[in-house]
Amino acid sequence: QVQLVESGGGLAQAGGSLRLSCAASGSIASIDAMGWYRQAPGKQRELVATIGSGGTTNYADSVKGRFTISRDNAKNTVYLQMNSLKPEDTAVYYCNAVIQLSRSSTNRYGYWGQGTQVTVSS
């Protein structure tokens, strides 16, 4: 089975930094897009950043210029470097990956990690 495991969440002060990691493991033929999403209390889950297999990135306006998404394909891992953190960044952050399980099929499926809490205090 495929699993995505996030790490690196925790408590930071406003203006500080955190680095999130998400490693995929299991029966994986290839990984297409990977991304980070977050959900704050009382709000819907929202896209934070995505990165394609070729390195193309996309960011939510609220984090543009502060967060950087990257990936290491050899390690099946995606990262989110979060700088200049604000209290409004407080949320549970979820990793997502579009994964092909078999090289004989073009079908791809989205998988989610368990989430990691990020809390930013002022």
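The figures here come from the full heavy-atom set of this structure, side chains too, leaving out hydrogens, waters and symmetry mates.
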For [X] against [Y], the heavy-atom pair lying closest together:
| X | Y | answer |
| --- | --- | --- |
| Leu85 | Arg66 | CA-NH1, 3.9 Å |
| Gly115 | Val92 | CA-CG1, 3.9 Å |
| Arg108 | Ser30 | NH2-OG, 4.0 Å |
| Ala14 | Ser122 | CB-CA, 4.2 Å |
| Ala40 | Ala91 | N-CB, 3.8 Å |
| Val118 | Met82 | CG2-CE, 3.9 Å |

Please indicate whether Gln1 has more than 12 foreign heavy atoms, meaning atoms of other residues, nucleotides or ligands, lying under 6.0 Å from its CD.
no
Have a look at Val78 and tell me which of Ile51, Ile31, Leu20 forms a side-chain contact (heavy atoms from CB on, under 4.5 Å) with it.
Ile51
Pick from Thr119, Val120, Val48, Leu18: which one makes a side-chain contact (heavy atoms from CB on, under 4.5 Å) with Asp89?
Val120
Heavy-atom donor-acceptor pair, [X] side chain to [Y] backbone, under 3.5 Å:
| X | Y | value |
| --- | --- | --- |
| Ser105 | Ser102 | no |
| Gln117 | Gly10 | no |
| Asn96 | Tyr111 | yes |
| Glu6 | Gln114 | yes |
| Arg45 | Tyr94 | no |

For the residue pair [Y] / [X], report whether a side-chain donor-acceptor contact shorter than 3.5 Å exists.
| X | Y | result |
| --- | --- | --- |
| Tyr93 | Arg38 | yes |
| Glu46 | Gln39 | no |
| Asp72 | Thr77 | no |

Would you give the length of the straight line joining atom [atom1] of [X] to atom [atom2] of [Y], rounded to the nearest 0.5 angstrom?
| X | Y | atom1 | atom2 | answer |
| --- | --- | --- | --- | --- |
| Met34 | Cys95 | CE | SG | 5.0 Å |
| Ile69 | Gln81 | CD1 | CD | 12.0 Å |
| Ile28 | Gln3 | CD1 | CD | 10.0 Å |
| Ile99 | Asn107 | CD1 | CG | 14.0 Å |
| Ser25 | Lys75 | OG | NZ | 15.0 Å |
| Asn58 | Thr50 | CG | OG1 | 4.5 Å |

Over-ring placement of Arg19 relative to Tyr79, 6.0 Å and 45° cut-offs
yes
State yes or no: do Leu4 and Tyr109 share one hydrophobic cluster built from I, L, V, M, F, W and Y residues joined by side-chain heavy-atom distances below 4.5 Å, directly or via other members?
yes
For the aromatic rings, using the six-membered ring if either is Trp, is the centroid distance between Phe67 and Trp36 under 6.0 Å?
no
Compare all side-chain heavy atoms of Val2 with those of Leu101 and state whether any distance is below 4.5 angstrom.
yes
